[in-house]
Amino acid sequence: MRIVSRISELRAAFAEAPSAVRAFVPTMGNLHEGHISLMRQARAQLADSGASDGIVAASVFVNRLQFGPNEDFERYPRTFERDCAALEAGGVDIVFAPEESELYPEPQQYYVDPPPAQKLLEGAFRPDHFRGVATVVLKLFNIVQPQFAFFGKKDYQQLLLIRGMARQLALPVAIVAGETVRDQDGLALSSRNGYLSPAERAEAPRLYRQLCALRETILEHRRSGKTLGAEDYSRIENAAASGLDTHGWKTDYISIRRRSDLQAPASPETDGLVILAASRLGATRLIDNIEL
């Protein structure tokens, strides 16, 4: 596995195999099994597409642009040596790990401004977060020039916005989704799970259990033939949030949305839905989702 830190080095490495298909996984490091599953998925995608000489590339870069002024940019865990060992075991060929001055040699004045969906859900609580994500992802796409790029479903809103950006800007890259990887107790793997105290870690799986219960409530209504309207969705969302908050959580949202555009479902709409949640447990903010 080759590790490079400069754009010129990365392009020189790719120039050694100019016809090789590239599969790319952007990360901020502090990797867990969810990230590594994307690396393996990238390798499998290359094999399935018949690219025997394909290249799996990953980036490790903590992107300042997507952090708010009171968020955890400075204390976000940097575990580069451990990450490299995991990436090599996961089948990665090239790791791009630039310094901030390499990606942003001058103050960034050009940004990708996603559509109004960026203001929903996560965007309502993290202003300009998705602008920072889209800007760095487009920049990385221009540097790596992959044919495939892989993003996990745990960051569901991010996945939809990146897919939309690739489609509307006619980027020559296929955006491939990876399923959320969970611990044995159901907690979605996240780089921020390490912030949890032992007691909080024991409590954290309740978020996923609450989403599963909410999904079952919707499916029970569907099986009984009852039509759900906007008031019904709101009622069961509020009940689910209260179920968390009574156990010490501080919930930003639990919301039932259309998978296609994350808008509220039109009544009577029961197909193609996703339930998304963000809630704070102690000082740690956790997100999760579950599709119907």
Side-chain angles (χ1 to χ4, degrees), residues 34 38 66 112-134 137-138 149-171 173-182 186 188 190 207-244 249 251-279 285-292:
L38 294 177
Q66 67 194 68
V112 177
D113 192 20
Q118 70 166 310
K119 303 296 185 184
L120 303 173
L121 302 168
E122 282 298 282
F125 292 89
R126 303 184 68 188
D128 293 330
H129 169 68
F130 290 116
R131 185 177 79 151
V133 170
V137 168
L138 181 59
F150 296 78
F151 295 83
K153 281 188 179 181
K154 188 181 78 70
D155 294 292
Y156 205 90
Q157 190 171 5
Q158 171 182 278
L159 172 64
L160 261 64
L161 289 169
I162 295 300
R163 273 183 169 161
M165 179 182 75
R167 182 179 64 252
Q168 292 208 351
L169 296 183
L171 302 180
V173 55
I175 307 301
V176 184
E179 296 296 330
T180 300
V181 178
R182 300 183 180 277
S190 169
L207 178 60
Y208 180 59
R209 294 199 301 268
Q210 200 75 340
L211 292 180
C212 290
L214 181 48
R215 177 176 65 178
E216 184 58 29
T217 297
I218 295 171
L219 295 177
E220 278 294 326
H221 281 86
R222 184 184 298 178
R223 287 190 287 265
S224 69
K226 179 179 178 180
T227 298
L228 290 171
E231 291 185 1
D232 299 302
Y233 285 127
S234 180
R235 174 178 51 79
I236 59 180
E237 288 168 350
N238 291 336
S242 296
L244 282 178
W249 296 70
T251 301
D252 287 340
Y253 60 84
I254 294 183
S255 189
I256 303 161
R257 298 297 175 109
R258 297 194 304 237
R259 292 205 303 261
S260 60
D261 57 9
L262 297 185
Q263 298 297 315
S267 180
E269 187 172 13
T270 56
D271 294 325
L273 302 181
V274 59
I275 309 166
L276 306 104
S279 192
R285 188 172 183 273
L286 301 177
I287 65 170
D288 204 350
N289 64 80
I290 189 169
E291 294 176 318
L292 275 76

- Chi angles and distances behind the side chain to side chain contact (heavy atoms under 4.5 Å, CB included) call for Gln210, Leu214: CA-CA 6 Å; Gln210 200 75 340; Leu214 181 48; 6.0 Å; no
- Walk me through it: do Ile275 and Glu237 pass the test side chain to side chain contact (heavy atoms under 4.5 Å, CB included)? CA-CA 9 Å; Ile275 309 166; Glu237 288 168 350; over 6 Å; no
- Between Leu276 and Ile290, does a side chain to side chain contact (heavy atoms under 4.5 Å, CB included) hold up when you go through it step by step? CA-CA 7 Å; Leu276 306 104; Ile290 189 169; over 6 Å; no
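His129 contributes a side-chain N or O that, together with a main-chain N or O of Gln66, makes up a donor-acceptor pair within less than 3.5 Å. At least one donor-acceptor pair under 3.5 Å links the side chain of Ser242 to the backbone N or O of Asn238.
Under the side chain to side chain donor-acceptor pair (under 3.5 Å) criterion, Arg182 pairs with Asp288, sequence neighbours left out. With sequence neighbours excluded, no residue forms a side chain to side chain donor-acceptor pair (under 3.5 Å) with Arg167.
In this structure, Gly152 and Leu38 approach most closely via the heavy-atom pair N-CD1, 3.9 Å. Across every non-hydrogen atom of Arg257 and Pro265, the tightest pair is CA-CD, 4.2 Å. Residues Thr251 and Ala241 share a closest heavy-atom pair of OG1-O, 3.9 Å. Pairing each heavy atom of Ala177 with each of Leu159, the nearest pair is CB-CD2, 3.7 Å.
Using a 4.5 Å heavy-atom threshold, the side chains of Asp261 and Leu160 count as separate. The shortest distance between side-chain heavy atoms of Trp249 and Leu207 falls below 4.5 Å. Taking the side chain as every heavy atom from C-beta outward, His221 and Asp232 never approach each other to under 4.5 Å. Looking only at side-chain heavy atoms (C-beta outward), Val274 and Leu292 stay at 4.5 Å or farther from each other. Counting heavy atoms from C-beta on, the side chains of Val112 and Arg131 never come closer than 4.5 Å. Side-chain atoms of Val137 and Phe151, non-hydrogen and from C-beta on, do get closer than 4.5 Å to each other. Looking at heavy atoms from C-beta onward, Leu273 lies in side-chain contact with Tyr233 at the 4.5 angstrom threshold. Between Leu121 and Ser255, some side-chain heavy-atom pair lies under the 4.5 Å cut-off.
One finds the CZ atom of Phe130 at 9.0 Å from the CD1 atom of Ile162 (value rounded to the nearest 0.5 Å). In this structure, CZ in Phe125 is found 11.5 Å from CG in Leu120, a value given to the nearest 0.5 Å. With values rounded to the nearest 0.5 angstrom, Leu161 atom CG is found 9.5 Å from Met165 atom CE.
Ion pairing between Glu122 and Arg285 holds under the 4.0 Å rule for side-chain N and carboxylate O. A salt bridge is defined here as a Lys NZ or Arg NE, NH1 or NH2 lying under 4.0 Å from an Asp or Glu carboxylate O, and Glu216 with Arg223 meets this definition.
Listed by first then second residue, pairs satisfying side chain to side chain donor-acceptor pair (under 3.5 Å) with a partner in residues 153-162 read Lys153-Glu179, Lys153-Glu291, Tyr156-Glu291, not counting sequence neighbours.
At most 12 heavy atoms of other shown residues, nucleotides or ligands fall within 6.0 angstrom of atom CD in Gln168.
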